[in-house]
Amino acid sequence: MSEHDLVYTQTEEFQHRVLICLANIPSGRWVSYQQLGQQAGFERRARHVAKLLKNLPDDTKLPWHRVVGAGGVIKLPADTPAGKTQRERLASEGWLISPSGRLR
DNA sequence: CCGTTGACTGTCG
DNA sequence: TCGACAGCCAACG
């Protein structure tokens, strides 16, 4: 057994908890990167939450589209595949999206 | 060890 | 409302 098997790093803990919280976000709601990090127990890692989401496999069933910027603003550019997917999904869950990306 | 890099954020003008 | 900017912090080269 290697030392790695014994040490649950901060990073692994962070990723594990964030993904669990992500899976629990109900349809029709959104959370900011920062809020998701806080729910997972990490206060100042909004950017790391973003990085984690970015690295998710394309075929993941996790609701990554419900994670947006503070105040409910979509951060992914509208002219990218992921950006379009996010807008489509949020719209299908009842959100109106202003040109600037703000959810209503 | 150090500078860069982000699906970020709050403050300021 | 919008851009610039300073914090943020692990990962990378």
Side-chain angles (χ1 to χ4, degrees):
Chain A
M1 182 180 289
S2 70
E3 181 178 345
H4 178 267
D5 293 319
L6 300 175
V7 179
Y8 204 39
T9 67
Q10 279 280 295
T11 298
E12 291 168 327
E13 180 77 26
F14 169 75
Q15 297 179 345
H16 183 233
R17 292 200 203 168
V18 168
L19 293 180
I20 290 177
C21 291
L22 172 60
N24 288 327
I25 301 173
S27 175
R29 293 193 50 1
W30 60 262
V31 295
S32 69
Y33 298 91
Q34 189 171 67
Q35 290 175 331
L36 185 55
Q38 291 178 334
Q39 288 175 27
F42 295 80
E43 304 285 337
R44 306 159 198 171
R45 301 192 194 181
R47 307 192 83 137
H48 300 293
V49 169
K51 182 178 182 180
L52 178 56
L53 297 188
K54 183 179 185 179
N55 292 332
L56 287 174
D58 291 337
D59 61 352
T60 181
K61 293 181 180 177
L62 291 172
W64 56 268
H65 58 281
R66 298 181 186 140
V67 186
V68 298
V73 179
I74 296 178
K75 305 301 272 193
L76 288 176
D79 59 356
T80 63
K84 292 176 182 175
T85 298
Q86 183 170 38
R87 277 154 226 265
E88 288 174 7
R89 292 185 181 176
L90 287 172
S92 75
E93 293 179 358
W95 293 103
L96 296 182
I97 306 172
S98 71
S100 62
R102 194 172 324 14
L103 300 180
R104 300 184 182 279

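Because the structure is predicted, anything quoted here is derived from the model rather than measured. Residue numbering restarts at 1 for every chain, and letters A, B, ... go by the order of the sequence lines.
Within a 6.0 Å sphere centred on CG of N24(A), other residues, nucleotides and ligands contribute more than 12 heavy atoms.
No donor-acceptor contact under 3.5 angstrom links the side chains of T9(A) and T11(A), judged on distance only.
Listed here is the closest heavy atom pair of R104(A) and S98(A): NE-CB, 4.3 Å. Pairing each heavy atom of P63(A) with each of L22(A), the nearest pair is CG-O, 3.2 Å. Of all non-hydrogen atoms in P77(A) and R87(A), the two that sit nearest each other are C-NH2, 3.7 Å.
At the heavy-atom level, K51(A) lies under 4.0 Å from the strands shown only through sugar-phosphate atoms. Across all strands shown, T11(A) has heavy atoms under 4.0 Å from sugar-phosphate atoms exclusively, and none from any base.
Counting only residues at least two apart or on different chains, the salt bridge (charged side-chain N to carboxylate O under 4.0 Å, His left out) pairs with a member in residues 16-33 of chain A are E13(A)-R17(A).
Rounded to an integer number of Å, the gap from CG of L53(A) to P of dA7(B) is 10 Å. Straight-line distance from the CZ atom of F42(A) to the P atom of dC9(C): 12 Å, rounded to whole Å. Between the C1' atom of dA11(C) and the NZ atom of K54(A) lies a distance of 13 Å, rounded to the nearest Å. Between the CZ atom of R102(A) and the C1' atom of dC2(C) there is a distance of 11 Å, rounded to whole Å. Nucleotide dC8(C) holds its P atom 17 Å from the CZ atom of F14(A), rounded to whole Å. Following rounding to the nearest Å, R44(A) (CZ) and dC8(C) (P) show an atom-to-atom distance of 8 Å. Following rounding to the nearest Å, Q15(A) (CD) and dA11(C) (C1') show an atom-to-atom distance of 11 Å.
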Polar pairs (N or O, both sides) under 3.5 Å between protein and nucleotides 8-13 of chain B?
unit_1, atom_1, unit_2, atom_2, d
dC8(B), N3, R47(A), NH1, 2.8
dC8(B), N4, R47(A), NH1, 2.4
dC8(B), N4, R47(A), NH2, 3.1
dT9(B), OP1, Y33(A), N, 3.4
dT9(B), OP1, Q34(A), N, 3.4
dT9(B), OP1, A70(A), N, 3.3
dT9(B), OP2, A70(A), N, 2.8
dG10(B), OP1, Q34(A), OE1, 3.4

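Using atom P as the reference point in both dA7(B) and dG7(C), the two lie 22 Å apart (nearest Å).
Contact annotation: S100(A) side-chain N/O to dC2(C) OP1/OP2 distance is not under 4.0 Å.
Here the side chain of Q86(A) pairs a donor or acceptor atom with the backbone of V67(A) at under 3.5 angstrom.
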